[in-house]
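This report concerns only the one structure given below.
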Number of protein chains: 2
Amino acid sequence: MKIGQATIKDIARELNVSSSTVSRALKDYPGISDETKRKVKELAAKLNYRPNAIALSLRKSRSFTIGVIIPEVVHFFFSTVISGIEEVAYSRGYNVILTQTNEKFDRERSSIETMLSNQIDGFLVSYSKETKEFDHFSNLLEQGYPIVFFDRVPDIPKAINVMVDDYRGAYDAVSHLIRQGYRRIIHLAGPKNLTISKERIRGYKDAMNDHGMQVDDSLIVECPKGTDDESRKITAEILRNSAQKPDAFFGNNDMAAVGAMMACRDAGLKVPEDVGVVGFSNWQFCSMIDPSLSSVAQPGFQMGAKATEILLDIIEKKLDPDQIHEPITLPTELLVRKSSVRTKN
Amino acid sequence: MKIGQATIKDIARELNVSSSTVSRALKDYPGISDETKRKVKELAAKLNYRPNAIALSLRKSRSFTIGVIIPEVVHFFFSTVISGIEEVAYSRGYNVILTQTNEKFDRERSSIETMLSNQIDGFLVSYSKETKEFDHFSNLLEQGYPIVFFDRVPDIPKAINVMVDDYRGAYDAVSHLIRQGYRRIIHLAGPKNLTISKERIRGYKDAMNDHGMQVDDSLIVECPKGTDDESRKITAEILRNSAQKPDAFFGNNDMAAVGAMMACRDAGLKVPEDVGVVGFSNWQFCSMIDPSLSSVAQPGFQMGAKATEILLDIIEKKLDPDQIHEPITLPTELLVRKSSVRTKN
DNA sequence: AACGAAAACGCAAACGATTGCATCAAATTT
DNA sequence: AAATTTGATGCAATCGTTTGCGTTTTCGTT
């Protein structure tokens, strides 16, 4: 039982030919006799030969591996994106190496370093909430290193961004609430340094304005963590202290929306009769809770798939990154469920 | 602007020394003058030198990378496990390369092949539902290749298994239902080739028997897919056709439990008054739905962390795999919520 | 019979880093 | 002053694979 894998050299030695011949025989290069090819392939199969991808990477300066940097794995939307990434990468013969930053800037930076050491062919990035400057990305982009950002995308030169239409999603959700007769609509917003938060706020504002409602800045409340507990507390506070009680909540994400629903229930308010609620992301549980939660669906799988396709096309020179100037935007879809439908007909 | 990364050779050339000297200087080997060390390190910093991990891997036959093979990423429990894996791997300086099988046997096999090509230092595996024979693992284990299985673990020689106490979890859940006065308890079981399913069935049976209730095989219904839709249909069917109506459901997972709850509601039955429900896994949504779902919590993060620690200890020879004969079992915890509490005091 | 061409294969360098061993100079000892 | 030690560095092989170019052998052609 030989320890370690059989190599080309082992085959060469056994067959009394050179490594070059074995290499070429295995790849059906011209200039090798059929007889030799047969013998080489037979022995390779017998020895269970597996090409050493590391050696190949060294030779070609290509690892056929892409690095994914994501804030957290335990997150419905992100895990869906990962799934899309993995599918496309697998089907095109690439490996995926994954790291989560836990929303930490330092970890984002150090992960990039290790991945660079590992000769990654390109990056897929959604940056952390702590990240406020982007030199660590800009430098790489300047050098022509392939990076595609998704969901949380930076506003820096040469960045290729894949995102969902957050503006439209928010606009649709709020318009829907207004049409249902809700008037004083609170937006439980996300961290303001994230583009997605800004876009959703913009969609909220425009929807309000377009329907002749004025936007009071006190209506936009930041929920930085985005957990249900946080939003439950914040919402409870609002319900207790506001002069004019709100009658609807549009959450920056589903957890925030659920927190608001809970706080309403705690306060004796009924959803959707007294208060309307709409979330964002369409997590699995939206249809399982009671009342079911209306939400803006983000195509996470498609986003991961699309971002990966673009990245691999760039890596394989099928696409020139300098030709892409606009962000790639995927459509959102408002899924209306019970939590926001007042009229019972 | 030189394309590509600076290498040791670049530094050597510029400083008129040999690569060996540079290599040793960077690692503070004895026998290099302080002066040279200083110059080398300075230039390295200036050129933004990053060691080429691929070259290192080739030399040392070690990649500092572990491969994770998992049925699906978009899954609360598995994503939690991944998180645990990633944390430990990161803190110990290893990369994680991830692949999902989508429950396909062929994909499991081919993923293993590519990872082996990539000179992975070891595997972390939870096998697919389709997997019914384990030669592709056995062969590797025989060769002394480090593999640690988690959650879905095989019953084969030399396998190191990390699992939760499925038996105990199921036993506790069912005992709880019985104590709450439920009598005709249906188990919505998982695929029977998975050890976890078997263990949960065993826990269910023992709990029933220990409480003097006889187990009718018709009470154990397989839900192979484990989705809420599937279980909703199956449960509806049961409620329609059974001579004796069931008054409780113990789900192999939370989705199945939710499906059962929905079917009960559809049939005009109240949870928990008429029917008790307990799930398994304690997904995030358990506390968000109404009534909140009792569930058996599995320590996913700890499982990932533990499995990774063991794997890395084996890789680094701190642990002898032949010394481990028993599976490592992590405790489950029954979280009682409203869906299974009949008495209102 | 002689020549040229094609067929089949080998040599050796390269990818980037590590490391046992040799080398060479300077410093120290005798 | 000669011998020996010490300190600082270089050489070259190695990991497994690829590939440009050179070499050898085998034919076929005239």
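Labels below follow one simple rule: chain letters A, B, ... track the order of the sequence lines, proteins then strands, and each chain is numbered from 1. In what follows, every heavy atom counts, from backbone to side chain, and hydrogens, waters and symmetry copies are set aside.
Paired with A:Thr21 under the rule side chain to side chain donor-acceptor pair (under 3.5 Å), one option of A:Ser23, A:Ser19, A:Ser18 passes, and it is A:Ser18. Checked against B:Thr131 for a side chain to side chain donor-acceptor pair (under 3.5 Å), the options B:Glu108, B:Arg152, B:Arg109, B:His136 give a single hit: B:Glu108.
Contact annotation for A:Pro51: backbone-only contact, meaning every heavy-atom pair under 4.0 Å involves sugar-phosphate atoms and none involves a base. Contacts of A:Lys9 with the nucleic acid, taken as non-hydrogen atoms under 4.0 Å apart, include base atoms. B:Asn16 comes within 4.0 angstrom of the backbone, heavy atoms only, and of no base. Among the protein residues, A:Val17 comes within range of the sugar-phosphate backbone only, with heavy atoms under 4.0 Å from sugar or phosphate atoms but none that close to a base. Within the nucleic acid shown, B:Ser20 comes within 4.0 Å of at least one base atom, counting heavy atoms only.
What separates CD of A:Glu35 from C1' of C:dC9 is a distance of 14 Å, to the nearest Å. In this structure, A:Arg62 atom CZ and D:dT17 atom P are separated by 18 Å, rounded to whole Å. The separation between A:Leu56 atom CG and C:dG16 atom P is 15 Å, rounded to whole Å. For the pair B:Ile11 CD1 and C:dT18 C1', the computed distance is 15 Å after rounding to whole Å. What separates CG of A:Leu58 from P of D:dT14 is a distance of 17 Å, to the nearest Å. When rounded to the nearest whole Å, the span between NZ of B:Lys39 and C1' of D:dA8 equals 13 Å. The CD1-P distance, from A:Ile54 to D:dC15, rounds to 16 Å in whole Å. C:dC15 atom P lies 12 Å from atom CG of B:Asn52, rounded to whole Å.
Taking 4.0 angstrom as the limit, A:Ser61 places none of its side-chain polar atoms (N or O) nearer than this to OP1 or OP2 of C:dC15. Side-chain N/O atoms of B:Ser33 include none lying less than 4.0 angstrom from OP1 or OP2 on D:dA8. Taking only side-chain nitrogens and oxygens, A:Lys60 comes nearer than 4.0 Å to OP1 or OP2 of D:dT19. At C:dA7, none of the side-chain N or O atoms of A:Tyr29 fall inside 4.0 Å of OP1 or OP2 (strictly under the cut-off). Remark: A:Thr7 is not in phosphate contact with D:dC15, judged by side-chain N or O atoms under 4.0 Å from OP1 or OP2. Within the 4.0 Å cut-off from OP1 or OP2 of D:dG10, at least one side-chain nitrogen or oxygen of B:Thr21 is found.
In this structure a side-chain-to-backbone donor-acceptor pair under 3.5 Å is present from B:Arg107 to B:Gln100.
When distances run from any side-chain atom of A:Ile32 to the nucleotides C:dA14, C:dC9, C:dG16, the shortest one goes to C:dC9.
A distance of 7.0 Å separates CG of A:Asp121 from CZ of A:Phe64, quoted to the nearest 0.5 Å.
You won't find any donor-acceptor pair under 3.5 Å spanning the side chain of A:Ser57 and the base of C:dC15, going by distance alone. Between the side chain of A:Arg24 and the base of C:dG10 there is at least one donor-acceptor pair of N/O atoms closer than 3.5 Å.
Annotation for A:Asp135: atom CG counts as buried by contact number, over 12 foreign heavy atoms lying within 6.0 Å.
Between B:Ala55 and B:Thr36, the residue anchored nearer the 5' end of DNA chain D, judged by the nucleotide with its closest heavy atom, is B:Thr36.
Residues A:Tyr90 and B:Ser111 bring no donor and acceptor atom of their side chains to less than 3.5 Å of each other.
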